[in-house]
2 protein chains.
Amino acid sequence: MKITYKGDYALKTILDLAAHFGNGPVVINDLSRRLDIPTKFLEQILLDLKRAHFVESKRGKIGGYSLARHPGQITLGEVTRFIDGPIEPIACVDKRYSGCHDAGACVFRSIWGQVSSSTAKIIDNITFEDLLKRSKRTNKSFNYQI
Amino acid sequence: MKITYKGDYALKTILDLAAHFGNGPVVINDLSRRLDIPTKFLEQILLDLKRAHFVESKRGKIGGYSLARHPGQITLGEVTRFIDGPIEPIACVDKRYSGCHDAGACVFRSIWGQVSSSTAKIIDNITFEDLLKRSKRTNKSFNYQI
DNA sequence: GTATACTCTACTATTATAATAGAGATTATC
DNA sequence: GATAATCTCTATTATAATAGTAGAGTATAC
Ligand code: FES
Ligand code: FES
């Protein structure tokens with residue numbers, strides 16, 4: 001698995017929106033400034049997240065973005081996979097993939113499968129609600145409600 | 001972590017050399033044919049592996065490549081890291097990395113650290129001797145000695 | 001109707017990946 | 001010592017992914 005800037009930004013954005021969950025929409029500019037993400041890049045990311053129904057938006061004055069689901073209903077794994085693609089370190093872990101030379105006899109395949117599983121076990125069991133709690137605990141100055 | 005073609009080829013090559021360990025050098029062409037790896041690409045990979053002292057070579061007739069260490073002394077993790085770089089899904093897991101905005105307070109960092117650790121636990125505890133045993137078990141037609 | 005804020009498409013620069021090409025150096029054997 | 005086999009080294013190339021940037025367009029509150 002590889003977390004790109006886009007993925008990193010997406011996760012931080014969702015966490016920020018989770019922190020403001022229930023308090024009306026947050027505008028891109030605020031997210032961009034707070035999280036130190038290039039505005040135009042963040043626009044694209046939010047559109048992607050919107051298409052996947054992680055977030056919803058409202059246009060015009062008093063517009064902005066908000067989470068489409070409760071933070072407890074969104075996992076780290078879901079968002080990561082959506083933005084950065086499959087977590088498998090190599091495509092042949094997927095049984096349907098037929099690229100490898102002699103996949104049936106390959107000893108590496110099952111190992112990459114184990115790696116994937118252990119990663120999945122971690123990221124699929126952490127919700128943004130969990131993350132929010134952790135960040136409140138760690139960082140007392142955390143701005144979870146303006 | 002991401003296994004590239006180069007990394008995949010390197011691992012398969014080392015496994016093949018492990019299978020021939022103690023039986024004199026193997027020529028690039030044989031490796032290339034057996035493992036279905038483009039010859040010129042494999043040349044480069046072997047040079048890299050040589051510089052890292054995973055393999056050693058002999059030129060001229062009766063030349064070729066052989067493992068520089070016993071298969072039990074080479075782990076999957078070592079080779080993977082050497083060819084495909086750090087296994088961390090994101091660079092900031094490394095404490096010395098200072099790229100992230102507010103790394104101290106970041107809740108994601110420790111999660112990526114967990115992911116790295118669980119991956120490391122797997123790949124750093126598998127040697128090519130282990131892999132060789134597995135492949136002999138799985139694949140009865142495995143050509144471990146010509 | 002105007003300012004605010006999201007929406008959409010296209011473009012660009014940089015880097016990584018997966019090779020390919022070809023000349024050069026070493027060694028065993030006859 | 002010529003020759004064939006084999007590794008060595010540097011350069012080049014094609015494609016794709018990444019990380020943005022640019023700008024015109026659309027909806028909404030007031
Ligand atoms: S089947 Fe793909 S690495 Fe072995
Ligand atoms: S410190 Fe890098 S993702 Fe948080």
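Keep in mind the model is a prediction, meaning the values are calculated, not measured. Chain naming here is simple, since letters A, B, ... match the order of the sequence lines and numbering starts at 1 in each.
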Check: From C/dA28, C/dT7, D/dA11, pick the nucleotide closest to the side chain of B/K58?
Finding: C/dA28
Notebook entry, point to check: Within the side chain of A/N125, is there an N or O that forms a donor-acceptor pair under 3.5 Å with the backbone of A/K121?
Noted result: yes
Next item on the list: Could you work out which one of D/dT8, C/dC6, C/dT7 sits closest to the side chain of B/Y65?
Entry: D/dT8
Check: Rounded to whole angstroms, how far apart are CG on A/D30 and P on C/dA5?
Finding: 8 Å
Check: Heavy-atom distance under 4.5 Å between the side chains of A/F82 and A/D48, does that happen here?
Finding: yes
Notebook entry, point to check: Per the atom types in the model, does the base of D/dT21 pair as donor or acceptor with the side chain of A/Q44 at under 3.5 Å?
Noted result: yes
Next item on the list: Consider the side chain of B/P38, meaning its heavy atoms from C-beta on, and name the nucleotide among C/dC8, C/dA19, C/dT7 that approaches it most closely.
Entry: C/dA19
Next item on the list: Indicate yes or no for a side-chain donor-acceptor contact from A/D130 to the backbone of A/T127 under 3.5 Å, with no hydrogens or angles considered.
Entry: yes
Next item on the list: Measure from the side chain of A/R59, starting at C-beta and using heavy atoms only, and say which of C/dA28, C/dA19, D/dA27 lies closest.
Entry: D/dA27
Notebook entry, point to check: If you pin A/K40 and B/L47 to their nearest nucleotides in DNA chain D, which one's is more 5'?
Noted result: B/L47
Notebook entry, point to check: Between A/P25 and A/S66, what is the shortest heavy-atom contact and its length?
Noted result: CA-CB, 4.3 Å
Margin query: Parallel, tilted or perpendicular, judged at 30° and 60°: which one describes the rings of B/F108 and B/W112?
Written below: parallel
Note to self: Base, sugar-phosphate or nothing for B/V55? Non-hydrogen atoms, less than 4.0 Å.
What the structure shows: nothing
Next item on the list: Working to the nearest 0.5 Å, report the span between CD1 of B/I74 and CG of B/L11.
Entry: 11.0 Å
Note to self: What is the separation between atom NZ on A/K12 and atom P on D/dA19, rounded to the nearest whole Å?
What the structure shows: 12 Å
Margin query: Heavy-atom nearest nucleotide on DNA chain C for B/T4 versus B/I62: which residue maps closer to 5'?
Written below: B/T4
Notebook entry, point to check: Atom NZ of B/K61 and atom P of C/dC30: how far apart are they, to the nearest Å?
Noted result: 7 Å
Next item on the list: Report the end-to-end axis angle of the helix from C/dG1-D/dC30 to C/dC30-D/dG1; each axis comes from five terminal pairs, and the value is rounded to 10°.
Entry: 10°
Checklist line | C/dA19 OP1/OP2 closer than 4.0 Å to side-chain N/O of B/Y9 | finding: yes
Next item on the list: Please answer whether the main-chain N or O of A/G77 pairs with a side-chain N or O of A/T80 as donor and acceptor at a distance below 3.5 Å.
Entry: no
Check: Rounded to the nearest Å, what distance is computed from the CG atom of residue B/D48 to the C1' atom of nucleotide C/dA19?
Finding: 14 Å
Item checked: Distance below 4.0 Å between A/S57 side-chain N/O and C/dA5 OP1 or OP2 -> no
Checklist line | B/R81 side chain to B/G85 backbone, donor-acceptor under 3.5 Å | finding: no
Margin query: I need the CD-P distance between B/E43 and D/dC9, as an integer number of Å.
Written below: 12 Å
Check: Could you give the CD1-to-P distance, from B/I37 to C/dA19, as a whole number of Å?
Finding: 10 Å
Notebook entry, point to check: What's the OH-P distance between A/Y5 and D/dT21, to the nearest Å?
Noted result: 13 Å
Note to self: From CZ of A/F41 over to C1' of C/dT12, roughly how many Å is that when rounded to an integer?
What the structure shows: 14 Å
Check: B/I28 near the nucleic acid: base, sugar-phosphate alone, or nothing, with a heavy-atom cut-off under 4.0 Å?
Finding: sugar-phosphate
